[in-house]
Amino acid sequence: MQGQEHSESELLQIRRDKLNTMVARGIDPFGGRFDTTHQPGALRRDFQPDLEVKVAGRVTARRTMGKAVFFDLSDITGRIQCYVNKKEIGDEAFELLTELVDIGDWLGVSGKTFVTKTGEPSVHTETLQVMSKALRPLPDKWHGVTDREIKYRQRYLDLISNERSRDTFVQRSLMVAEIRRFLQDRGFLEVETPMMQDVPGGAAATPFETFFKALNMAMYLRIAPELFLKRLLVGGFTKIFELNRNFRNEGLSRRHNPEFTMLEAYWAFSDFEQMADLVESMVCHLAEKFCGGLLIEHKDDEGNVTRTINLQRPWRRAPYKELIKGVAGEGWFELSLDDKKAKCAELGVEVSGGMVDYEVSQQVFEKLIEEKSFDPLFVTHVPAELVPLAKQNKADGSVVDVYELVINGQEISPGYSELNDPIVQRERLEHQAGEETQKVDEEFLLALEYGMPSAGGIGIGIDRLVMMLTGAESIRDVVLFPQLKKK
RNA sequence: GCGUGGGUAGCUCAGCGGUAGAGCAGUUGGCUUUUAACCAAUUGGUCCUGGGUUCGAUCCCCAGCCCACGCACCA
């Protein structure tokens, strides 16, 4: 452990020397059990004076004033200031704090709470215990880590030094817990279905492939849990959800991470409209609980409001074709493919040569409607080609009974009246058009033949939902360890 | 994959054809209620990597690596 070579920078060497001095003085630099009474942030928020407390945290600031020292102990909950007086605590402990402890070290402190002259809630330190010696210095105390690469590759440094990141990830955790509670309160059971599948179904996406040695077979990380959850409907679960990771072997972007968190819920005997109500009430519930209301303000780093999203109910619901006609003209769907493409050029929508008719319309939808819709919009009656797993509309078989919920310029949630006719389902899967097709899962079709109850189903992209609610501009700011290229 | 921008001290950044600078952190000294504590002094750098141009490259050119943003694929 000791005596690293000369290539160690001076900063690291000094910290190692302090570590060795601690050991020489019989101080364990890496602590042990310490029974805390409070977390730093919680203690500061619900502060009461004259309380005997034990808190532990990382030293994130230290202000030495001769024979007195102030230092901050921090963790994910926040910070609390501690005060040390040399005469009271004794020379040995005082020297430990001022000469051997560095910013970045973890300390356990016991003492009595009080408020300083300047009104700062503090702990009057009586004993000190080193919980861990940090051998490397922390990022800039004022700016924190701003280098995106360090933020993502060494997320712990971002969490230590950036309050906004801490808040976002704590919020995300609480939101996910609240989503589970919301569904459980309404009688939904959480289930877990395979992430490793031999047929990657339930969506049209490129899967990650892996190999299972014991069975000598190729396997795929799931792109969606849908086909397994539907098997559970066949099995008699009537209200279920799964909230976990999906994997798609596609590009990285501000809105895409190859592994992302998806909620899927199925409710037997329901339909897409009731599922829309469910999603609407769930998202509003989260907003009221975590954002203080239904107006969500997104802010930049300076605190200026850059966007306001209005979640007040009822949310707008509009048919897909009507929305497109609204931006591309009443006669859009009567135009030939070539005329549609010409119109796209006029509208500034890029289309590629190989696109078929409905794909061109879809492109118009994505560029001129989806990306420009920030307040919630349920897009209903989507062309059947786009959604092979949903029921066709009784009045118009060219569309399906689904919604696509757009908020914040992104698709946040699809909801279906689930297709449960095994004969139609087989046809729809076998006659998919276009380049993006879903795999045909025979085991799924077999299950359907035993009878799947009619049902409504939803998916919610949790990362994007959290982005919308927290104002994060990139999915990387709501995923703790986003995928980056290997260095 | 393509395009644009970026990579300089532990961190945040400035600089620029003549081999580097600030603030913070660190070190030393001072200070018993401070909070981006303060005052004084001071250490610290393969200027992302490899080629090229040049008397001389951190700077200009080429290639590569990584990051960000946009486009494409997708949710």
Side-chain angles (χ1 to χ4, degrees), chain A residues 7-15 17-18 60-72 79-89 94 98-99 102-104 114-122 124 134-154 157-158 160-162 202-207 223-224 246-264 350-352 362-363 366-367 370 404-406 409-414 435-436 459-465 467 473-476 482 484-487:
Chain A
S7 62
E8 288 275 352
S9 87
E10 197 188 336
L11 288 173
L12 303 190
Q13 193 53 53
I14 288 167
R15 286 182 178 241
D17 290 345
K18 290 178 179 176
T60 47
R62 182 173 48 186
R63 297 170 286 278
T64 307
M65 337 252 324
K67 296 185 174 61
V69 179
F70 294 91
F71 60 94
D72 291 348
R79 68 172 187 95
I80 185 74
Q81 175 175 269
C82 299
Y83 169 74
V84 172
N85 183 301
K86 186 176 185 184
K87 206 166 161 189
E88 291 165 359
I89 203 166
F94 192 81
T98 53
E99 289 176 23
D102 285 301
I103 289 175
F114 76 111
V115 179
T116 65
K117 262 191 212 166
T118 53
E120 180 72 24
S122 306
H124 201 123
L135 296 179
R136 289 176 183 273
L138 256 37
D140 190 276
K141 69 175 177 182
W142 186 243
H143 301 93
V145 174
T146 61
D147 184 315
R148 306 287 255 179
E149 192 169 352
I150 296 175
K151 270 172 85 81
Y152 302 145
R153 285 191 202 276
Q154 294 178 276
L157 295 179
D158 179 42
I160 290 166
S161 63
N162 295 98
T206 311
I223 55 176
N246 286 350
F247 307 85
R248 298 190 184 176
N249 202 342
E250 280 148 6
L252 300 167
S253 84
R254 213 153 50 102
R255 301 182 187 81
H256 299 88
N257 195 58
E259 52 182 302
F260 63 101
T261 303
M262 178 74 107
L263 165 70
E264 285 202 11
E350 280 182 44
V351 290
S352 61
Q362 177 64 7
Q363 188 73 358
E366 283 174 13
K367 296 297 163 198
E370 182 173 290
E404 302 280 354
L405 172 60
V406 177
Q410 303 181 46
E411 192 189 337
I412 295 259
S413 165
E435 287 170 23
E436 299 155 24
I460 297 183
I462 297 298
D463 312 280
R464 290 181 175 185
L465 178 67
M467 285 170 71
E473 283 184 24
S474 169
I475 196 167
R476 296 183 191 96
L484 297 180
K485 207 163 184 174
K486 192 179 164 194
K487 279 205 106 162

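Just so you know, these numbers use all the heavy atoms, side chains as well, and skip hydrogens, waters and symmetry mates. Per chain, numbering begins at 1; letters A, B, ... match sequence-line order.
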Engineer: Does a side-chain N or O of A:Arg63 approach OP1 or OP2 of B:U34 to a distance below 4.0 Å, or not?
Structural biologist: no
Engineer: Under 4.0 Å, counting only non-hydrogen atoms across every strand here, what does A:Asn257 touch: a base, just sugar-phosphate, or nothing?
Structural biologist: base
Engineer: What does A:Gly459 touch in the nucleic acid at a heavy-atom separation under 4.0 angstrom: a base, only the sugar-phosphate, or nothing?
Structural biologist: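 Here A:Gly459 touches no strand at all.
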Engineer: What about A:Asp140: does its side chain form a donor-acceptor pair under 3.5 Å with the base of B:G23?
Structural biologist: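 Result: at least one qualifying N/O pair found.
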Engineer: Report which part of the nucleic acid A:Lys151 touches: base, sugar-phosphate, or nothing (heavy-atom distance under 4.0 Å, all strands).
Structural biologist: nothing
Engineer: Is any N or O donor-acceptor pair between the side chain of A:Thr146 and the base of B:U12 shorter than 3.5 Å?
Structural biologist: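 By the distance-only test, no, there is no pair.
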Engineer: Heavy atoms only, 4.0 Å cut-off, all strands: where does A:Arg464 land among base, sugar-phosphate and nothing?
Structural biologist: base
Engineer: Any side-chain N or O of A:Lys117 less than 4.0 Å from the OP1 or OP2 oxygen of B:U32?
Structural biologist: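 It does not, given that no N or O in the side chain of A:Lys117 lies less than 4.0 Å from OP1 or OP2 of B:U32.
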Engineer: Is the A:Phe114 ring parallel, tilted or perpendicular to the A:His124 ring (thresholds 30°, 60°)?
Structural biologist: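 Correct class here is tilted.
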Engineer: Closest to the A:Lys141 side chain: B:A75, B:U33, B:A37?
Structural biologist: B:A37
Engineer: Would you mind classifying the nucleic acid contact of A:Phe94 as base, sugar-phosphate or nothing, using non-hydrogen atoms under 4.0 angstrom?
Structural biologist: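 The answer is nothing, as A:Phe94 stays clear of every strand by at least 4.0 Å.
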Engineer: Answer with base, sugar-phosphate or nothing: what part of the nucleic acid does A:Gln81 contact at a heavy-atom distance below 4.0 Å?
Structural biologist: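 Base contact.
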Engineer: When we call it a touch if two heavy atoms are under 4.0 Å apart, what does A:Leu484 touch: a base, just sugar-phosphate, or nothing?
Structural biologist: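 Since only primed, P, OP1 and OP2 atoms lie under 4.0 Å of A:Leu484, the category is sugar-phosphate.
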Engineer: When you measure from the side-chain N and O atoms of A:Lys485 to the phosphate of B:G1, is any distance below 4.0 Å, counting only OP1 and OP2?
Structural biologist: no
Engineer: Ignoring backbone atoms, establish whether A:Arg248 has a side-chain N or O less than 4.0 Å from OP1 or OP2 of B:C73.
Structural biologist: no
Engineer: With a 3.5 Å limit on both atom pairs, tell me what B:A63 is paired to, counting Watson-Crick and G-U wobble, or say none.
Structural biologist: B:U49
Engineer: Should the side chain of A:Thr118 and the base of B:U35 be counted as holding a donor-acceptor pair, with the cut-off at 3.5 Å?
Structural biologist: yes
Engineer: Classify the nucleic acid contact of A:Asp147 as base, sugar-phosphate or nothing, counting any heavy atom under 4.0 Å across all strands shown.
Structural biologist: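 Sugar-phosphate, no base atom in range.
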Engineer: Base, sugar-phosphate or nothing for A:Ile460? Non-hydrogen atoms, less than 4.0 Å.
Structural biologist: nothing
Engineer: Consider the side chain of A:Glu120, meaning its heavy atoms from C-beta on, and name the nucleotide among B:U34, B:U32, B:C11 that approaches it most closely.
Structural biologist: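 Out of B:U34, B:U32, B:C11, the nucleotide with an atom closest to A:Glu120's side chain is B:U34.
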Engineer: From NZ of A:Lys18 over to P of B:G26, roughly how many Å is that when rounded to an integer?
Structural biologist: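 Atom NZ in A:Lys18 sits about 7 Å away from atom P in B:G26.
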Engineer: Calculate the interatomic distance between A:Leu11 atom CG and B:G45 atom P; express it in whole Å.
Structural biologist: 10 Å
Engineer: When the nearest nucleotide of RNA chain B is assigned to A:His124 and to A:Arg15 on a heavy-atom basis, which residue is associated with the more 5' position?
Structural biologist: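 Whichever sits nearer the 5' end wins; that is A:Arg15.
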Engineer: Taking the basic N atoms (NZ, or NE/NH1/NH2) and the acidic carboxylate oxygens, is any pair closer than 4.0 Å for A:Glu473 and A:Arg148?
Structural biologist: no
Engineer: Applying a 4.0 Å non-hydrogen cut-off, can you work out what A:Gly251 is touching in the nucleic acid: base, sugar-phosphate, or nothing?
Structural biologist: base
